[in-house]
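In this text, all values refer to a predicted model and were calculated from it rather than measured experimentally. Computed from heavy atoms alone, side chains included, the values below leave out hydrogens, waters and symmetry copies.
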Amino acid sequence: MNDFKQLKRNLKRDTSSLKKIKVSLLGDSATQFLAVALRGEAIERDIVLDLFEAEYNQVERQVLDPSSELYEHNAEYTIVFQSTHKLLETYSLLSIEQQGRLAEERLDFVRTLCNSIGGRIIYYNYPEIDNSAFGSYSNKVQNSFVYQLRKLNFELMKLSQELPNLFICDIASLQNEFGRKWLFDSAVYVNTEMLLSIDALPFVASRTMDILCALQGQFKKCLILDLDNTLWGGVVGDDGWEGIQIGHGLGIGKAFTEFQEWVRVLKNRGIIIAICSKNDEAKAKEAFVKNPEMVLKLDDISVFVANWENKADNIRTIQKVLNIGFDSMVFIDDNPFERNLVRESIPQVTVPEMPEDPGEYLEYLYSLNLFETASYSSNDSDRTRQYQVEAQRMSESQHFANEEDFLKSLNMKCEVTGFNAFNIPRVAQLSQRSNQFNLRTIRYTEEEIRAMEISSDYATFSFALEDKFGDNGLICVVIMKSLPEEQALFVDTWFMSCRVLKRGMEHFTLNTIVEWAKEHNYKKIIGEYLPTKKNEMVAQHYPSLGFDSIGENRFVLEVETYQPLANYITKK
């Protein structure tokens with residue numbers, strides 16, 4: 001973690017080539033140093049914040065006045081810091097009856113805030129202050145400050161489920177981890193009205209940027225694990241599956257068991273789990289199959305690579321199977337040599353500097369917040385099986401003399417539907433997550449997707465693919481906007497899972513939307529490519545499909561003269 005001085009120094013760097021994002025910062029206390037930390041942390045992540053910082057204690061005025069600078073700035077993200085100290089100040093001046101409504105009053109304002117401001121809201125929750133008016137008995141008294149404060153934090157979580165543009169930045173958990181004296185410096189507060197200590201600012205800025213980056217589609221998708229002395233104690237090749245250290249009893253085996261429990265929770269949440277180990281594969285797998293103390297099983301692993309090759313090369317092999325960016329990967333290994341090798345060979349991969357003591361693994365990894373996300377659905381838990389099946393496909397492809405015969409053998413079938421109550425959450429989630437095969441990389445919320453589905457101005461398509469190995473689920477989305485004056489359709493969105501590349505899905509998709517365009521009397525389809533650092537792979541997407549250039553990164557396809565492109569996918 002960088003300290004505040006380093007974040008401040010970042011502001012002097014040349015940032016002309018970095019992506020700019022408009023952000024507003026509102027606070028009921030001094031936020032100047034928080035603004036510096038946020039801008040410095042953003043630069044660490046190759047982002048420049050075009051930041052509007054409201055004047056001191058102007059949250060309500062900025063939100064409730066439609067002519068305020070907040071609305072004029074029209075930011076993509078608004079960060080709001082309403083502090084526990086100011087909340088306590090408000091509470092102290094209320095009647096007993098009003099004190100019992102403190103949480104509801106603040107929640108009503110947050111609801112108003114989210115319904116008034118465009119874009120996404122990142123709202124800090126409330127680190128606890130116990131004003132010791134009741135002691136522990138405050139848990140029984142509804143109008144006590146402690147009771148209202150805890151109720152507020154709980155209800156904020158529920159409110160964020162209700163409001164899709166509200167995201168809670170959990171700075172209360174930072175206080176739980178590091179302590180109140182670390183988060184809050186009373187001497188600094190009295191003299192500056194600054195509530196966050198200099199030491200805390202980098203952590204708060206990092207948590208904030210974790211959320212913003214996740215909303216921008218920058219997050220970790222895959223955890224790659226070493227085995228010996230990382231997932232269990234000992235060396236399975238020497239000790240055998242019976243002799244590795246693991247289990248719920250006392251001793252170091254307990255630390256490895258709890259580490260595996262954490263990994264399994266990540267897997268169930270949708271993080272891809274892969275193994276990269278210098279080991280004999282058969283002996284390594286024996287531990288998963290035969291040792292009853294193992295929490296993780298082979299079914300939890302998407303890609304299993306155990307051999308005596310270079311680990312950086314093995315991670316490249318894993319990347320080819322998963323077809324995700326290296327910057328979406330985290331590699332955990334107890335060996336400093338292996339960690340440094342991967343850092344130097346594939347610098348995009350995140351490689352935590354693990355503690356020497358396995359008992360400290362979890363607390364250290366918790367502090368890094370490596371797996372922030374901006375979305376979650378029950379479909380995420382199916383991801384492991386999907387990637388296991390993809391590994392099977394890649395293995396089988398080696399048995400065919402040419403790609404055409406392999407694609408024919410897959411017996412691919414695609415179900416094409418519009419958006420509906422069942423798939424809208426998944427469409428919105430993929431909109432947030434898709435980076436590589438994404439022509440315009442426009443992010444949409446569930447509400448925005450739902451509005452497009454019912455609008456006559458848009459045509460929406462979702463594609464779910466299955467083959468002889470299993471169901472790939474929803475793998476492609478196209479949204480087209482009608483341009484009646486041009487008798488044209490504009491491809492507002494086209495993104496696709498990289499798991500199905502090189503199977504003819506692009507051809508099948510274009511055939512489908514051209515057929516729809518013909519049926520509805522449109523003469524042309526207009527496409528646009530908006531380049532990002534991650535979607536270079538689709539820079540030539542439209543030309544490769546037969547579109548003609550009509551300007552910088554804009555293309556057109558004449559519907560009437562279009563000839564369907566070859567593929568081996570049938571409509572279900």
Side-chain angles (χ1 to χ4, degrees), residues 111 114-115 118-121 155-168 211 214-215 217 219 221 268-271 373-386 389 412-435 437-467 470-482 489-500 505 508-509 512-513 515-517 519-520 569-572:
R111 191 176 283 107
C114 292
N115 290 330
R120 278 69 177 267
I121 313 299
E155 293 294 338
L156 276 172
M157 292 191 292
K158 293 174 65 176
L159 188 62
S160 70
Q161 296 172 355
E162 173 189 329
L163 301 173
N165 64 331
L166 175 61
F167 297 85
I168 305 301
I211 296 172
L215 289 165
F219 48 83
K221 300 178 181 179
N268 288 339
R269 201 214 85 181
I271 298 299
T373 186
S375 62
Y376 173 75
S377 79
S378 57
N379 290 327
D380 288 349
S381 60
D382 298 332
R383 193 166 291 124
T384 296
R385 178 58 186 159
Q386 290 171 349
V389 170
M412 293 180 285
K413 297 178 182 179
C414 187
E415 182 178 16
V416 184
T417 65
F419 299 164
N420 53 50
F422 174 75
N423 65 27
I424 282 175
R426 180 63 173 158
V427 171
Q429 183 191 44
L430 288 174
S431 168
Q432 300 295 328
R433 300 176 68 97
S434 299
N435 291 306
F437 196 115
N438 196 332
L439 274 301
R440 298 182 73 237
T441 319
I442 307 297
R443 315 292 186 185
Y444 290 119
T445 65
E446 285 189 34
E447 284 187 347
E448 291 166 332
I449 295 291
R450 196 171 286 109
M452 290 178 186
E453 172 56 26
I454 63 177
S455 171
S456 59
D457 294 333
Y458 291 90
T460 62
F461 302 84
S462 68
F463 298 81
L465 184 68
E466 65 178 48
D467 59 29
D471 189 355
N472 291 274
L474 180 63
I475 47 84
C476 180
V477 168
V478 174
I479 300 171
M480 297 194 295
K481 185 176 182 179
S482 176
L489 290 165
F490 174 70
V491 184
D492 174 274
T493 296
W494 186 342
F495 57 76
M496 194 167 79
S497 169
C498 291
R499 289 184 289 112
V500 295
M505 193 64 212
F508 179 87
T509 301
T512 301
I513 62 177
E515 181 182 348
W516 190 93
E519 291 174 356
H520 292 81
I569 303 172
T570 59
K571 189 173 288 189
K572 188 174 177 183

**OP:** State whether the side chain of Gln432 and the backbone N or O of Tyr444 hold a donor-acceptor pair below 3.5 Å, judged by distance alone.
**Re:** yes
Original post:
Are the side chain of Glu515 and the backbone N or O of Thr512 linked by a donor-acceptor pair below 3.5 Å?
Top reply: no
Subject >> Distance, nearest 0.5 Å, that separates CD1 of Ile442 from OG of Ser434 >> reply: 13.0 Å
Subject >> Close side-chain approach of Phe461 and Ile513, heavy atoms under 4.5 Å >> reply: yes
Original post:
Is the backbone of Asp492 close enough, under 3.5 Å, to the side chain of Arg440 for a donor and an acceptor to pair up by distance?
Top reply: yes
Subject >> Reported CG-to-CG distance for the pair Asn165 and Asn115, which is rounded to 0.5 angstrom >> reply: 7.5 Å
Original post:
Quick one: are Val427 and Leu474 in side-chain contact, heavy atoms under 4.5 Å?
Top reply: yes
Original post:
Does the side chain of Leu465 come within less than 4.5 Å of Lys413's, by heavy atoms?
Top reply: no
Original post:
Under 3.5 Å, is there a donor-acceptor pair between the side chain of Ser482 and the main chain of Asp457?
Top reply: no
Original post:
In Å and rounded to the nearest 0.5 Å, what is the CD to OH distance from Glu453 to Tyr458?
Top reply: 12.5 Å
Subject >> Verdict with supporting geometry, Lys221 and Ile271, side-chain contact (heavy atoms from CB on, under 4.5 Å) >> reply: CA-CA 5 Å; Lys221 300 178 181 179; Ile271 298 299; 5.7 Å; no
Original post:
What are the two closest heavy atoms between Leu215 and Arg443, and how far apart are they?
Top reply: O-CG, 3.9 Å
Subject >> Asn435 side chain to Asn438 backbone, donor-acceptor under 3.5 Å >> reply: no
**OP:** Evaluate the ring planes of Trp494 and Phe437, with Trp represented by its six-membered ring, and classify them as parallel (under 30°), tilted (30 to 60°) or perpendicular (over 60°).
**Re:** tilted
**OP:** Measure the CD-OG1 distance between Gln429 and Thr373 for me, rounded to the nearest 0.5 Å.
**Re:** 7.0 Å
Subject >> Taking every non-hydrogen atom, the tightest pair across Ala459 and Trp516 >> reply: CB-CH2, 3.5 Å
**OP:** Specify the closest pair of heavy atoms between Ile424 and Phe419, including all atoms of both residues, with the distance to one decimal.
**Re:** CG1-CB, 3.8 Å
**OP:** Report the distance from atom CZ of Arg120 to atom OG1 of Thr445, rounding to the nearest 0.5 Å.
**Re:** 6.5 Å
Original post:
What is the minimum heavy-atom distance between Ile168 and Ile211, and which atoms define it?
Top reply: O-CD1, 3.7 Å
**OP:** Spell out, as yes or no, whether a donor-acceptor pair under 3.5 Å connects the side chain of Asn420 to the backbone of Asn423.
**Re:** yes
Original post:
Below 4.0 angstrom, N of the basic side chain to O of the carboxylate: do Glu162 and Lys158 qualify?
Top reply: no
Original post:
Is there a donor-acceptor pair under 3.5 Å between the side chain of Thr509 and the backbone N or O of Met505?
Top reply: yes
Subject >> Derivation and outcome, side-chain contact (heavy atoms from CB on, under 4.5 Å), residues Ile479 and Lys481 >> reply: CA-CA 7 Å; Ile479 300 171; Lys481 185 176 182 179; over 6 Å; no
Subject >> Worked verdict on Lys572 versus Glu466 for salt bridge (Lys or Arg N to Asp or Glu O under 4.0 Å) >> reply: CA-CA 9 Å; Lys572 188 174 177 183; Glu466 65 178 48; 3.0 Å; yes
Original post:
So how far is it from Thr460 OG1 to Ile449 CD1, rounded to the nearest 0.5 Å?
Top reply: 8.5 Å
Subject >> Within-4.5 Å side-chain heavy-atom neighbours: Ser375 and Arg433 >> reply: yes
Subject >> Check: Val491 and Leu439 side chains under 4.5 Å, non-hydrogen atoms >> reply: no
Original post:
Under the 3.5 angstrom rule, does the side chain of Ser160 hit a backbone N or O of Met157 as a donor-acceptor pair?
Top reply: yes
